[in-house]
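Letters A, B, ... are given to chains in the order of the sequence lines, protein chains preceding strands, and every chain is numbered from 1.
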2 protein chains.
Amino acid sequence: MSTKLDCIDRAIMRVLQQEGRVQNIELAERVGLSPSPCLRRVRMLEDSGAIARYVALLDPAKLGMGLTVFARVWLIGQDEDTVAPFVEAIRKLPQVVECQLMAGDCDFILRVIAPDLDAYRAFQMEYLGRIKGVRSIKTEIPMQTIKLTTEIPI
Amino acid sequence: MSTKLDCIDRAIMRVLQQEGRVQNIELAERVGLSPSPCLRRVRMLEDSGAIARYVALLDPAKLGMGLTVFARVWLIGQDEDTVAPFVEAIRKLPQVVECQLMAGDCDFILRVIAPDLDAYRAFQMEYLGRIKGVRSIKTEIPMQTIKLTTEIPI
DNA sequence: GTTGAAATTATGGTCAA
DNA sequence: TTGACCATAATTTCAAC
């Protein structure tokens, strides 16, 4: 499936991880290729799935969604009949931007974004807490984001 | 600074959050504008910072970085002399893709990516655990990613 | 990987609503 | 103030080499 990636392929990905909308001409210059082979490599990386997608990253604070909360959720059981409806419910909630099924002492870790603490509290009350199968929720609030990147080291 | 965003501005951001590299012509069609005013709005959103940046999202598994780990870190103190060097060290480690200073029972939550558990263990031993001021580290491992998006609901 | 040409797109000015 | 239209410049894209 994944034919070997050489140094130039990785250079292309490094650039695109930082500037996803860089033009092919400039990308080619930066990785030391002419535009044609550079574009061929980008298409190959896209087709292979190494480049999954391109997205615009918005500034949550500027859009009135400045609060991020981690919610640790325990269900009443780990059987499929309990987990599946929870997972389905979570997938439909756009405020939940991440959900990890954990191996450790809690069932799920959720990352939720909200305008502020009041809004989050309302969201937990009205949505999270009402999902069938939820036993308890413990909220953890970041005071400061030290680092946050979508960049994978390659 | 942030002049009011109307319905079309939000539609533009919704599209760009999903397809960051969509061409202006197609973007314009989708939001019901002709290309010129659409591009003007995009530039405005970029300049205002509502659109922070564009990035390519890579597939970690396809690049041999299939493991994500959450590490909860406690320092020996919360004074600036303890925290500042830790923060600096974390910022330099590309394997740490996220670091949150927590308000709750642990000092920091880190998201670390690694090829596998052995590699993570080595990373914790050789890097994380050796940062000055670190008292203890507790590792939590996701078994399955239920949901993970960069999309902010707007 | 290179070159070059054709098709498409981005861009900015201008006018109209 | 905002959008549509048009002309130009730049880029993308795909041949053939």
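The closest side-chain heavy-atom distance from B:Arg30 to B:Val22 is below 4.5 Å. B:Ile154 has its side chain within reach of B:Arg14: a pair of non-hydrogen atoms, C-beta onward, lies under 4.5 Å apart.
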Protein-proximity profile, nucleotides 3-15 of chain D, B/S/- by nucleotide at the 4.0 Å heavy-atom cutoff, equals BBBB----SSSB-
| query | Going through the distances and angles, do A:Glu126 and A:Arg130 end up as a salt bridge (Lys or Arg N to Asp or Glu O under 4.0 Å)? | reply | CA-CA 6 Å; A:Glu126 291 170 30; A:Arg130 285 185 188 170; over 6 Å; no
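Using a 4.5 Å cut-off between side-chain heavy atoms of Ile, Leu, Val, Met, Phe, Trp and Tyr, with links allowed through other members, B:Val96 and B:Leu67 fall into the same hydrophobic cluster.
Atoms CG (B:Leu5) and C1' (D:dT2) sit 16 Å apart, rounded to a whole Å.
Ring-plane geometry between B:Tyr127 and B:Phe123 is classed as parallel, the angle between the planes falling under 30 degrees on a 0 to 90 degree scale with a further cut at 60.
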